[in-house]
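First comes the structure, then the notes that go with it.
Counting starts at 1 for both ligands and their atoms, in listed order. Because the structure is predicted, anything quoted here is derived from the model rather than measured. In what follows, residues are counted from 1 in the order of the sequence shown.
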Amino acid sequence: MDCGKDMDTKMLKILVCVSGGGTNLQAVIDGIKEKEITNAQIVRVISNNRNAYALERAVKEGIDAVCVSPKDYTDRERFHDALLRAVEEKAPDLIVLAGFLVVLPEELIKRYRNRIINIHPSLIPSFCGQGFYGLKVHEKALERGVKVTGATVHFVDEGTDTGPIILQQPVMVEEDDTPEILQKRVMEQAEWKILPRAIDDIANGRVTIKDGKVRRSR
Ligand code: GAR
């Protein structure tokens with residue numbers, strides 16, 4: 001099954017979901033500007049957090065940016081409906097979760113099967129699943145004393161961090177690492193590289209899924 005788009009010549013419309021600083025969003029923006037990502041454009045950035053710096057990054061680049069916060073809705077269902085509407089308005093080919101700390105509505109996963117990707121700051125299946133996000137992932141990796149960690153880009157399915165893996169990049173752990181230092185190294189050496197690369201692969205038709213596993217052609 002091809003992922004992302006239906007025609008080779010079509011520009012891939014990407015919608016990026018964020019919650020925080022948005023350094024991964026920035027890596028995607030820069031990747032497009034520097035033509036490391038071709039055949040793709042960001043059509044909208046959605047944040048669940050009004051104060052996310054990621055929103056400012058989008059606005060600075062002239063990208064459509066909206067906040068859909070659960071705080072503005074009386075219950076989860078209404079929030080999910082609003083999120084779905086904010087996505088559907090732009091009819092994206094690919095949804096990129098770049099530090100998005102919201103559990104996605106099942107309806108969204110169903111409608112965009114094999115068209116949602118996520119960046120996770122560890123080598124899945126280590127240090128992933130419920131409760132593993134952001135700095136906590138690096139705290140757990142250091143607690144366990146692993147010598148190598150890294151990052152993973154994967155498709156999103158109904159589970160937490162269980163979808164087909166697209167790309168992984170290892171990163172060495174150093175003796176004096178704190179969670180913050182390790183987080184920065186994993187971002188610099190892994191996340192900001194493999195997220196743009198995965199998007200470029202999808203935008204250029206190099207990613208297929210067979211038997212629940214990703215195949216990348218060159
Ligand atoms: C990134 O490290 C990303 O891998 C992580 O949140 C951070 C967001 O940073 N995502 C997860 O932990 C998802 N489970 P950013 O806002 O600067 O891109």
>> I need the minimum non-hydrogen distance between Ser122 and Thr149, along with the two atoms involved.
In response: CA-OG1, 4.1 Å
> Would you call Val137 and His120 a side-chain contact if the rule is heavy atoms closer than 4.5 Å?
Replying inline: yes
> Which of these, Ile165, Ile166, Val153, sits in a side chain to side chain contact (heavy atoms under 4.5 Å, CB included) with Val214?
Replying inline: Ile166
>> Taking side chain to side chain contact (heavy atoms under 4.5 Å, CB included) as the criterion, tell me which of Val87, Val16, Ile116, Leu12 meets it with Pro92.
In response: Val87
> When you check the gap from the basic side-chain N to the acidic O, do Arg44 and Glu89 get nearer than 4.0 Å?
Replying inline: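 Glu89 and Arg44: salt-bridged.
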> How would you list, by chain and number, the residues with a heavy atom under 4.0 angstrom from ligand 1?
Replying inline: Gly20, Gly21, Gly22, Thr23, Asn24, Gly99, Ile119, His120, Pro121, Phe132, Tyr133, Gly134, Met187, Glu191
> Any salt bridge (Lys or Arg N to Asp or Glu O under 4.0 Å) pairs touching residues 145-157, not counting sequence neighbours?
Replying inline: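 Matches after skipping sequence neighbours: none remain.
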